[in-house]
Amino acid sequence: MKKTRVRFAPSPTGALHIGGAHTALFNWLWARHTGGSFILRIEDTDRARSTQEYEKTIMDGMKWMNLDWDEGPDVGGEYGPYRQADRLDLYRKYAEELLEKGKAYRDGDAIIFKVPLGEDIGFQDIVYGSIDVVSDSLKDGRTGEMKDIVLIKSDGMPTYNFAVVVDDHLMEISHVIRGEDHISNTPKQVLLYKALGWELPEFAHLPMILGKDKKKLSKRHGATSVYEYRDMGYMPNSVFNFLALLGWAPAGDREIFDRDLAVAEFELKNVNRKPSVLDLDKLNFVNQGHLHALPVEEKISMLQPFWEEEGVDLSKLEIGYMEKAFEMMGGRGRTVKDLAEFTDYFLDFSPVTKRYKGDVDDDTRKKLQGFFSGLLGLEDWTAPSMEAFAREWTESNEVKLKDVAMPMRFAITGHKVSPGIFELAEFFGKDEIRKRLEHFNFV
RNA sequence: GGUCCCUUCGUCCAGAGGCCUAGGACACCGGGUUCUCAGCCCGGUAACAGGGGUUCGAAUCCCCUAGGGACUGCCA
């Protein structure tokens, strides 16, 4: 059995977008599932648009997703170089071979493959099944002229269709796993494999990812780069989980899973053919699941950048303290960003004062002052005792419990969402609560 | 225009001829818990694109139609 070798081959003309991440992920899953190698190859033959910066961003994006590669431009490997711009002599060599065999011709500085008639250029696709095509269909549908395949462009660079064939063969790629948009390029590549006398790799095309409007995902649909998802507060494992669910699902009804499970159960033949729509509601749900399952330390390290960005003073940050805070938070917060915001008041009072001014009319203030004074007078500073007092007090003053609980929540957290307010008060301690209430002149 | 691909609830995924009066999840809508929100618990709405075959039997196989998509670049 031949060793599995798969590759992700982005062109460095932009950041790693979500569709690219999906393709990279499925390649990675297949490599890890089969114990094979995952190779990163940079397709930088478009000299005008490729940049070093983009190459780096793509790699960083993959690292963020924890998709590690075994061979690539940075780590090297036995099948290098891994940038197409560094492999020009190879492409030229095989183009000339085709020239000598009379299968290609020159047109100025370009080398062009002459497409023969009547050739079977169909192939088997692991996910799409058998794709039957005859070389005659490469003709222009309007003019009836055969459209030959450019191998080497006038600038000396290979075209995509030629470079992939040469590279995939030389790098001994066993499975070509890529987006469905390449399915119609494949017959041309099959033709080239045949002309060079090379064995075909296995092909597996992946369904496209669409936007809400069912159109190919693009900038119009909002976030496209994986960094945008990171900045919105989604975690790598969530994006991983979510993307894995687009076109595939593990057996059973599992929706939230970790990468080990995906690696163990992933099968190319179980990938479906239907293009899928990216649904942020589902991502939110998946993220929430992963986020709240995180151990404290990891949760803190996820939240930290968002707290910092918010300008929260982290001097009180301590694991044991935050562990209790998170415990009280329960399942609140879907994204890391949400959770950072929903917990900032545990660490720092200033975000609270930024969000809440304590504006109430005089009559209400007077009432609240009465209530809070009583509360702070309580000797038994526990949630049940505070709640009992609050219920009694509100009843005899003919107001609802929420009429005092909500202002108290705002004064302490600056949010309209929080854990139980008396629970919170007990946790913070009387001194801190007094300080916060005094700040708003509620006591 | 040509070639190729796709079509199960709003969305994602199950279903690989009888287990389907089509299942799960997200979202949505009710109800419960409640000081808020989230969570949790209970319940609900909602789909095999249409039409022909094949078969004792079809969401599953075949054909046609319709709709969508990709490719059709000396971009990848």
Side-chain angles (χ1 to χ4, degrees), chain A residues 9-13 43-46 48-50 84 107-112 122 125 127-129 131-134 136-144 147 149-164 178-188 205 207-208 210 212 214-216 242 245-256 269-270 272-286 288 292 329-334 338-339 342 387 390-391 394 400-410 413 415-424:
Chain A
S11 53
T13 54
E43 309 216 326
D44 55 353
T45 54
D46 182 344
R49 296 192 300 147
S50 299
Q84 291 186 327
D107 179 11
D109 291 331
I111 298 177
I112 299 176
D125 190 286
V127 346
Y128 285 87
I131 311 262
D132 306 313
V133 189
V134 182
D136 302 41
S137 69
L138 261 29
K139 283 184 195 164
D140 186 297
R142 283 177 249 259
T143 66
K147 298 176 101 172
I149 302 170
V150 177
L151 266 21
I152 304 287
K153 302 184 255 180
S154 300
D155 66 356
M157 298 301 251
T159 55
Y160 164 73
N161 280 129
F162 184 50
V164 245
R178 77 241 289 198
E180 188 246 63
D181 46 342
H182 285 293
I183 216 163
S184 4
N185 281 319
T186 310
K188 295 176 201 164
H205 288 88
M208 301 265 80
L210 276 21
K212 271 258 184 255
K214 305 233 178 184
K215 297 268 192 267
K216 192 173 172 180
F242 173 66
L245 248 15
L246 260 30
W248 176 79
D253 291 328
R254 286 164 294 186
E255 309 281 338
I256 298 200
K269 65 175 168 48
N270 291 340
N272 71 29
R273 287 169 289 275
K274 202 183 73 171
S276 43
V277 175
L278 191 106
D279 179 20
L280 254 13
D281 283 329
K282 186 86 166 203
L283 211 209
N284 281 325
F285 166 75
V286 170
Q288 187 166 32
H292 293 287
M329 286 302 295
R332 294 173 181 81
R334 297 163 88 76
D338 285 345
L339 188 59
F342 287 166
E387 182 164 350
R391 290 197 184 278
T394 50
K400 297 210 163 94
L401 185 58
K402 63 176 0 176
D403 294 330
V404 297
M406 279 315 280
M408 184 168 166
R409 168 168 287 113
F410 288 135
T413 71
H415 285 293
K416 58 179 189 199
V417 176
S418 85
I421 194 62
F422 302 116
E423 213 186 321
L424 225 37

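Below, chain A is the first sequence line, B the second, and so on; all start at residue 1. Every heavy atom of this structure was used, including side-chain atoms; hydrogens, water molecules and symmetry mates were not.
Rounded to a whole angstrom, the distance from the C1' atom of rA27(B) to that of rA66(B) is 29 Å. Taking atom P on both rG73(B) and rU55(B), the two are 46 Å apart, rounded to the nearest angstrom. rC28(B) and rC20(B): their P atoms are spaced 29 Å apart (whole Å). Look at the C1' atom in both rC75(B) and rC37(B): the space between them is 49 Å, to the nearest Å. Comparing the C1' positions of rA46(B) and rC41(B) gives a spacing of 23 Å, expressed to the nearest Å. Here, rU54(B) and rG17(B) have their C1' atoms 11 Å apart, quoted to the whole Å. Between rG43(B) and rA49(B), the two C1' atoms lie 31 Å apart (nearest whole Å). Across rA16(B) and rG52(B), the matching C1' atoms stand 24 Å from one another, rounded to whole Å.
Among rU36(B), rU11(B), rC6(B), the nucleotide with an atom closest to any side-chain atom of Val277(A) is rU11(B). Nearest nucleotide to the Val150(A) side chain, out of rC74(B), rC35(B), rA25(B): rC74(B). Of the listed nucleotides (rA25(B), rG39(B), rA76(B)), rA76(B) has the atom at the smallest distance from the side chain of Ser11(A). Comparing rC5(B), rA70(B), rA76(B) by their nearest atom to the side chain of Lys216(A) picks out rA70(B). Of all nucleotides listed (rG1(B), rU11(B), rU72(B)), rG1(B) comes nearest to the side chain of Arg142(A). With distances taken from any side-chain atom of Asp279(A) to the nucleotides rU36(B), rC26(B), rC5(B), the minimum falls on rC26(B). Comparing rA76(B), rU3(B), rG39(B) by their nearest atom to the side chain of Val133(A) picks out rU3(B). Relative to the side chain of Val417(A), the nucleotides rU36(B), rC74(B), rC4(B) differ in distance, and rU36(B) lies closest. In this structure, the nucleotide among rG39(B), rA76(B), rC5(B) sitting nearest to the side chain of Asn161(A) is rA76(B). The side chain of Arg391(A) sits closest to rC35(B) out of rC35(B), rC71(B), rG68(B).
Glu180(A) contributes atom CD, which lies 13.5 Å from atom NZ of Lys274(A) (distance to the nearest 0.5 angstrom). How far OG1 of Thr13(A) is from CG of Asp46(A): 7.0 Å, rounded to the nearest 0.5 Å. In this structure, Glu43(A) CD and Ser50(A) OG are separated by 10.0 Å, a value rounded to the nearest 0.5 Å. Atom CD1 of Ile256(A) sits about 12.0 Å away from atom CZ of Phe242(A), to the nearest 0.5 Å. One distance of note links CD1 of Ile112(A) with CD1 of Ile149(A); it measures 10.5 Å at 0.5 Å rounding.
Across all strands shown, rC6(B) is found opposite rG67(B) as a Watson-Crick or G-U wobble partner, with both distances under 3.5 Å. The partner of rU21(B), taking Watson-Crick or G-U wobble pairs whose two distances both stay under 3.5 Å, does not exist in any strand shown. Searching all strands for a Watson-Crick or G-U wobble partner of rG1(B) with both distances below 3.5 Å returns rU72(B). Look at rC28(B): its Watson-Crick or wobble partner, with both distances under 3.5 angstrom, is rG44(B).
Contact of Arg332(A) with rC37(B) (side chain to base): a donor-acceptor pair of N or O atoms is detected under 3.5 Å. No hydrogens or angles were tested; on distance alone, a donor-acceptor pair under 3.5 Å links the side chain of Asn185(A) to the base of rA76(B). Side-chain atoms of Ser154(A) and base atoms of rC74(B) include a donor and an acceptor less than 3.5 Å apart.
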Solution key, residues 275-286 of chain A side-chain donor-acceptor pairs under 3.5 Å, sequence neighbours excluded:
{"residue": "Asp279(A)", "atom": "OD1", "partner": "Lys212(A)", "partner atom": "NZ", "Å": "3.4"}
{"residue": "Asp279(A)", "atom": "OD1", "partner": "Asp281(A)", "partner atom": "N", "Å": "3.2"}
{"residue": "Lys282(A)", "atom": "NZ", "partner": "Glu255(A)", "partner atom": "OE1", "Å": "3.2"}
{"residue": "Asn284(A)", "atom": "OD1", "partner": "Tyr234(A)", "partner atom": "OH", "Å": "2.7"}
{"residue": "Asn284(A)", "atom": "ND2", "partner": "Leu280(A)", "partner atom": "O", "Å": "3.3"}

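For the residue pair Arg334(A) and Gln288(A), the shortest heavy atom distance occurs at NH1-OE1, 3.2 Å. Residues Pro250(A) and Leu245(A) approach most closely at CD-CD1, 4.1 Å, considering heavy atoms.
Backbone-only contact: Arg334(A) has heavy atoms under 4.0 Å from sugar-phosphate atoms and none from a base. Across all strands, Ala405(A) comes closer than 4.0 Å to base atoms (heavy-atom distances). In this structure, Gly247(A) reaches the sugar-phosphate backbone alone: every heavy-atom distance under 4.0 Å involves primed, P, OP1 or OP2 atoms, never a base. Within the 4.0 angstrom heavy-atom criterion, base atoms lie near Pro419(A). Among the protein residues, Leu210(A) comes within range of no part of the nucleic acid, since none of its heavy atoms lies under 4.0 Å from any strand. Residue Thr186(A) is out of contact with every strand shown, counting any heavy-atom pair closer than 4.0 Å. Among the heavy atoms of the strands lying under 4.0 Å from Leu245(A) are primed sugar atoms or P, OP1, OP2 only; no base atom is included. The residue Arg273(A) sits close only to the backbone: its heavy atoms come under 4.0 Å of sugar-phosphate atoms, none of a base. Within the 4.0 angstrom heavy-atom criterion, no nucleotide atom of any strand lies near Gly330(A).
Between Asp125(A) atom CG and rC6(B) atom C1' there is a gap of 13 Å when expressed in whole angstrom units. Remark: P of rG39(B) and CZ of Phe285(A) are 10 Å apart, rounded to the nearest angstrom. Rounded to a whole Å, the NZ atom of Lys274(A) is 6 Å from the P atom of rC13(B). Rounded to a whole Å, the CD atom of Glu180(A) is 17 Å from the P atom of rU3(B). rG1(B) atom P lies 14 Å from atom CG of Asp140(A), rounded to whole Å. For the pair Asp181(A) CG and rU3(B) P, the interatomic distance rounds to 21 Å; values are reported in whole Å. At whole-Å resolution of the value, CZ in Phe422(A) and P in rU36(B) are 11 Å apart. To the nearest angstrom, P of rC5(B) lies 17 Å from CG of Asn272(A).
Between Asp132(A) and Asp281(A), the residue anchored closer to the 5' end of RNA chain B is Asp132(A), taking for each the nucleotide with the nearest heavy atom. Between His182(A) and Ser418(A), the residue anchored closer to the 5' end of RNA chain B is Ser418(A), taking for each the nucleotide with the nearest heavy atom.
Using a 4.0 Å cut-off, no side-chain N or O of Lys214(A) falls inside it from OP1 or OP2 of rG69(B). Note on Ser184(A): every side-chain N or O is 4.0 Å or more away from OP1 and OP2 of rC5(B).
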- request: Go through the steps for Phe162(A) and Ile111(A) under the test side-chain contact (heavy atoms from CB on, under 4.5 Å), then give the verdict.
  value: CA-CA 11 Å; Phe162(A) 184 50; Ile111(A) 298 177; over 6 Å; no
